[in-house]
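Just so we're on the same page: letters track the sequence lines, and every chain starts at 1.
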There are 2 protein chains.
Amino acid sequence: MTDDPTPRRPTLDEVAERAGVSRTAASRVLNNAPNVSRAKREAVLSAISELGYVPNPTARALATQQAGAVALIISGEDPAVLADPFYGQVIAGASTVLEETDLHLVLCLATSARGQVRVRQLLRARAVDGVMLMSLRGDDPLTSLALAAGVPAVFGGKPLHCEVPYYVDVDNVLGARQATEHLISRGRTRIATLTGPLDTEVGQARRRGYLEAMTLAGLPYRAEEGGDFTERGGVAAMEALLARHPDLDAVFAANDNMAAGALRVLHRAGRAVPAEVAVAGFDGLTVSENTEPPLTTVHQPIRNLGREMTRMLLALIAGERPSPLILPTTLVQRDST
Amino acid sequence: MTDDPTPRRPTLDEVAERAGVSRTAASRVLNNAPNVSRAKREAVLSAISELGYVPNPTARALATQQAGAVALIISGEDPAVLADPFYGQVIAGASTVLEETDLHLVLCLATSARGQVRVRQLLRARAVDGVMLMSLRGDDPLTSLALAAGVPAVFGGKPLHCEVPYYVDVDNVLGARQATEHLISRGRTRIATLTGPLDTEVGQARRRGYLEAMTLAGLPYRAEEGGDFTERGGVAAMEALLARHPDLDAVFAANDNMAAGALRVLHRAGRAVPAEVAVAGFDGLTVSENTEPPLTTVHQPIRNLGREMTRMLLALIAGERPSPLILPTTLVQRDST
DNA sequence: GTCCGGACTGGAAGCGCTTCCAGTCTGGCT
DNA sequence: AGCCAGACTGGAAGCGCTTCCAGTCCGGAC
């Protein structure tokens, strides 16, 4: 732990001098560009290791005009959004892809007023080479901001009421339809739904899938209650639903958290699951394995979502023009149906 | 959407020229440094807004030798660590503090071999102004790496077998003791524990707290099984525990996830909770509210942990020498005890 | 009227790297 | 022997900002 007060780090100039070559040549071997003789290349290489040289990323960024980082911007009402393990998966997926590049991941929570301002600055200052945006409400100013910033941007989930060129989404409509059709195939006819927030695309889409399935099956029953994707919200919504439609025999909840809440309400109300009421969720997070009974759910490949968003962003940065991507979902059947 | 192909952004030189001052003066008003006459300051300010000038963070970073970012490094066996909402809370806490500064948060998952390498590079290249490290195993090479890198570093949770100068931790020993003593106060005497991984400080500490309480109360009963902080691990451990110690009348689980697993095992085994077996957990995440029955647990201020780590890091970066911090825990009593 | 401290000012030297470009040196052909 | 493409080479000009420092200018003290 003998720290020199100023252990000034060697620069490329010093490497070049020590290797007896020009700085240009040294830079070339660093970026292994052509036109460096074998001898010089080796001289530079050994100078680098003798000096323990590490290139200064900031200087490189300034010279190349590339920040060397991309941002994941998470919008939402309050910082608690991150309590949802959903984002952890997205981040993990993004990380695995970024690991293979030399880009870093900067995480921005646009959940407070101050956070919004900082995101705006980030965008305007072009402090990153690209951004991924998640969970934008329909009217989120971030959407147009990102689009206008001139920075490569990919959206996770299509923003409501807003055409964006690049996004990765999960097939929410089809997934919800699968779940509902599954309930129908179990002989249920009075199927209600606990929707997500209807000012989000995902909330809308899952509701649409439910309606499609009901319509296609010719089932006239309709019962819905709005939730907010939290377990607490699921409890409230399920209580309301049960009060208004005591005759329901199945529930499709727009996500697992709400389904978990619904299960608790049904339990308290003495309705047997799945005997009297069947319940299906959406997400396939661990929470769905641990409910009582374990939850039938529509699994969405969240990790993969993060991965694909990142890949798309990389493509965009590389100057390509990738097409939007819709990821498939799969029904996971457990004991609640 | 009329994008000029190269909408070159204005530089400080252009601002200065337009305002009729030197670049130096312009820079001064940017950093609102003294020694700029009121007139010039205003000229610069209006030039800035007319031009829509935004300073280039990279150039500034190069000139000031400050990266303008700090990293949160999360270690662990596999990327799934992020599935734990724990980190979401830490991140949220860190964000709220960083929002007030002009630092960004870069997130590094040192969960794969490749990830480790990249963290190493990050550290060596001094690509950030400081780092926060979390969930390091005892022998994690990252610990010494970070210490040696000469970058301000604060640890979240004291690494096992390793003295580090700056860390924020939760009072795991006391918390575990509180939980165990609570079980004792409920008249339990045959209290078992589901420990966390014993190669982590937190796993050790919570076990120690359990033992302290048992010893202090003069209870000779000892029964423990090792888990890995996951619900699945909790299930396995609880099954083993029950097989080996069928007479237990309470369980202290080292975290909520494992406690949730334990509850399910007990339920399947027909042991009534809390009547026959009382269960207490540790963490206070939402999962503890949603078990059946709701879980008595030791709440740790995770968000606050993230906040305090960040504050400590900022202090460190500012040249101060903060003292380690131990955050208190509180017992949250619910229906499982 | 002279002197001096303090408020301003801007030229210029970096920060550490990339890259254009003009030039040098080969060896292979004719 | 004379030429030329192609492989190297390194000087120098940036990238956009901060900051040292040598000055200039002013009003008040003497």
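- Across the protein-nucleic acid pair, B/Leu62 atom CG and C/dG16 atom P stand 7 Å apart, rounded to whole Å.
- In this model, the phosphate group of C/dG16 is approached by a side-chain N or O of B/Gln65 to a distance below 4.0 Å at OP1 or OP2.
- Partners of B/Ala61 according to the side chain to side chain contact (heavy atoms under 4.5 Å, CB included) rule, which considers only residues two or more places apart in sequence or in another chain, are A/Thr58.
- Here the P atom of nucleotide C/dC15 and the CD atom of A/Glu14 are 10 Å apart, to the nearest Å.
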Determine all donor-acceptor pairs shorter than 3.5 Å in which one atom belongs to a side chain in residues 86-93 of chain B; sequence neighbours excluded.
from    : atom 1 : to       : atom 2 : distance (Å)
B/Tyr87 : OH     : B/Ser135 : OG     : 3.1
B/Gln89 : OE1    : B/Arg303 : NH1    : 3.2

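- Direction of the helix axis in the helix from C/dG1-D/dC30 to C/dT30-D/dA1 shifts by 60° between the two five-pair termini, rounded to 10°.
- Taking B/Glu99 as the reference, A/Ser112, A/Arg114 meet the side chain to side chain contact (heavy atoms under 4.5 Å, CB included) condition, with sequence neighbours excluded.
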Anything under 3.5 Å between a donor and an acceptor, one on a side chain of residues 33-40 of chain A, the other on a protein residue two or more places apart or in another chain? List them.
from    : atom 1 : to      : atom 2 : distance (Å)
A/Ser37 : OG     : A/Lys40 : N      : 3.3

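- A/Arg28 is linked by a salt bridge (Lys or Arg N to Asp or Glu O under 4.0 Å) to nothing, counting only residues two or more places apart in sequence or in another chain.
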Please list, for nucleotides 4-8 of chain D, all pairs of protein and nucleotide N/O atoms separated by less than 3.5 Å.
none

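- Each salt bridge (charged side-chain N to carboxylate O under 4.0 Å, His left out) pair with one or both residues in residues 53-74 of chain B, not counting sequence neighbours, would appear here, but there are none.
- Partners of B/Leu103 under the side chain to side chain contact (heavy atoms under 4.5 Å, CB included) rule, at least two apart in sequence or in another chain, are B/Val70, B/Leu98, B/Thr101, B/Asp129, B/Leu314.
- Checked against side chain to side chain contact (heavy atoms under 4.5 Å, CB included), B/Gln121 has the following partners two or more places apart in sequence or in another chain: B/Val117, B/Arg118.
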**Prompt:** What is the per-nucleotide protein-contact pattern of nucleotides 18-26 of chain D, from the 5' end, where B denotes a base atom under 4.0 Å from a protein heavy atom, S denotes such proximity for sugar-phosphate atoms only, and - denotes neither?
**Reply:** BBBB-----
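- Residue B/Thr11 places none of its side-chain N or O atoms closer than 4.0 Å to OP1 or OP2 of D/dG16.
- Under the salt bridge (Lys or Arg N to Asp or Glu O under 4.0 Å) criterion, B/Glu50 pairs with B/Arg18, not counting sequence neighbours.
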**Asked** Under the salt bridge (charged side-chain N to carboxylate O under 4.0 Å, His left out) criterion, do B/Arg23 and B/Asp13 qualify, and how do the steps go?
**Response** CA-CA 6 Å; B/Arg23 187 196 341 182; B/Asp13 277 300; 3.2 Å; yes
